[in-house]
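Just below is one structure, and these are the notes that go with it.
These numbers come from the heavy atoms of this one structure, side chains and all, not from hydrogens, waters or symmetry mates. First listed ligand is number 1; within each ligand, the first listed atom is number 1.
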Amino acid sequence: MRIYVDNAATTKISDEVAKEMISCIKEIPGNPSSIYAEGREAKKAVETAREKVAKAIGASPREIYFTGSGTEADNWAIRSTAKAYADKGKHIITTAVEHHAVLHTCQDLEKQGWEVTYLPVDKYGRVAAEDVERAIRPDTVLVSVMFANNEIGTIMPIREIGAICRERKVIFHTDAVQAVGMIEIDVNELNIDMLSLTAHKFHGPKGVGALYVRQGVKLTPFITGGAQERGKRAATENVPGIVGLGKAIELATADIHGKQKQLTELRDYYIKQVLDKVPYAWLNGHPSERLPGNTNISFRFIEGEGMLLRLDMKGISASSGSACTSGSLDPSHVLLAIGLKHEDAHGSLRVTFDTSNTKEQADAIADALAEIVPLLRSMSPLYEDFVKNNKED
Ligand SMILES: *Cc1c(COP(=O)(O)O)cnc(C)c1O
């Protein structure tokens with residue numbers, strides 16, 4: 001049995017969700033836009049899912065728009081707000097540690113004449129709410145700060161930022177892809193105006209997400225065509241995907257406290273095991289203000305991909321903040337933003353648990369690392385130099 005601990009990348013679809021999707025595929029063949037019985041049934045399935053998504057974040061169903069992914073929701077939120085409020089100004093505030101779905105969208109807008117402030121973060125990866133406040137200008141139209149970071153798990157001060165944005169009358173978008181189903185979210189209590197989520201991060205299907213848009217916030221169409229999604233996102237709905245999203249978010253938000261407790265215990269147990277067994281290693285991200293299932297540990301003198309390959313051979317699927325996994329040679333922008341040196345940013349390992357993972361699995365990973373890390377270090381010229389220099393001291 002393999003050990004899957006890359007739940008921040010994607011999660012396995014739950015049996016209950018799969019079952020509901022299969023029955024939808026087989027039994028609900030209609031197009032939601034058709035007025036006859038099959039169409040009405042498909043429409044009903046979509047609207048039931050919309051109610052479930054809305055309920056999970058304290059929104060109203062008419063504030064939920066289905067999308068093809070979390071990436072699309074991020075793109076839509078940012079591009080729509082930029083365009084719809086261009087007469088007010090062309091300044092956007094975000095952070096240096098956002099997902100590329102946000103960062104690359106902001107960079108694209110910069111090329112088209114918008115100005116973007118990328119706020120720095122502290123050594124734990126947290127942006128300061130006061131920095132957000134200071135960065136707001138009369139021409140600022142949007143603040144986009146992720147709820148929790150996908151690499152290092154750090155939770156942002158969303159409540160404080162929401163309050164500031166509300167007071168300064170600036171639209172607040174949050175990429176909550178990693179937070180939904182892990183942290184309780186009420187968009188009204190937190191003063192969130194727009195929120196992105198995606199089903200496959202909480203045991204739903206891949207390729208379906210949603211954007212929450214507060215009533216009264218201007219939204220421009222993302223895909224033009226038919227009248228689906230109130231004319232804002234044309235295309236025949238992904239009915240089975242949407243049904244799966246609805247079921248998955250209902251399950252994911254049913255017992256958040258129980259899940260938090262279980263995962264936090266497992267997470268902290270694993271971190272302690274690894275740091276006890278492997279020298280020259282440290283935890284990235286905030287020690288307590290972090291996602292319950294997230295760990296990100298750096299090992300000095302190590303290349304992340306070497307570690308991943310050897311873990312894979314031992315049946316362990318994890319992720320690293322390093323080159324090969326992201327398909328580029330640059331080290332993680334998140335690890336650089338929290339102040340890691342380039343060489344250290346290459347040697348990190350992200351292990352993200354879900355509730356099916358066990359203490360025995362955490363032990364197995366820690367034991368594997370206790371074997372793999374010294375082996376890789378024994379082949380590293382950096383480590384050799386380090387040992388030599390330490391002896392001379
Ligand atoms: C996974 C992820 C996304 C992208 O979602 P997709 O549905 O895979 O496009 C965006 N933001 C964060 C923080 C993520 O973890």
Is any NZ, NE, NH1 or NH2 atom of the basic residue among Asp193 and Arg166 found under 4.0 Å from an Asp or Glu carboxylate oxygen of the other?
yes
Within 6.0 Å of CZ in Arg137, more than 12 heavy atoms from elsewhere:
yes
Note down each nitrogen or oxygen pair, ligand 1 side and protein side, whose separation is under 3.5 Å; give only atom names and the distance to 0.1 Å.
| from | atom 1 | to | atom 2 | distance (Å) |
| --- | --- | --- | --- | --- |
| ligand 1 | 7 (O) | Gly70 | N | 2.8 |
| ligand 1 | 7 (O) | Thr198 | OG1 | 2.7 |
| ligand 1 | 7 (O) | His200 | NE2 | 3.4 |
| ligand 1 | 8 (O) | His200 | NE2 | 2.9 |
| ligand 1 | 9 (O) | Thr71 | N | 3.0 |
| ligand 1 | 9 (O) | Thr71 | OG1 | 2.5 |
| ligand 1 | 11 (N) | Asp175 | OD1 | 3.4 |
| ligand 1 | 11 (N) | Asp175 | OD2 | 2.7 |
| ligand 1 | 15 (O) | Gln178 | NE2 | 2.7 |
| ligand 1 | 15 (O) | Lys201 | NZ | 2.8 |

Validation row, ring centre Tyr280 to ring centre Phe386 under 6.0 Å
yes
Scan side-chain atoms only and decide if Asp74 and Trp76 contain a donor-acceptor pair under the 3.5 Å cut-off.
no
Going by distance alone, is a donor N or O of one side chain under 3.5 Å from an acceptor N or O of the other, for Ser144 and His173?
yes
Value for CG (Leu211) from CG (Leu197), rounded to nearest 0.5 Å, stands at 8.5 Å
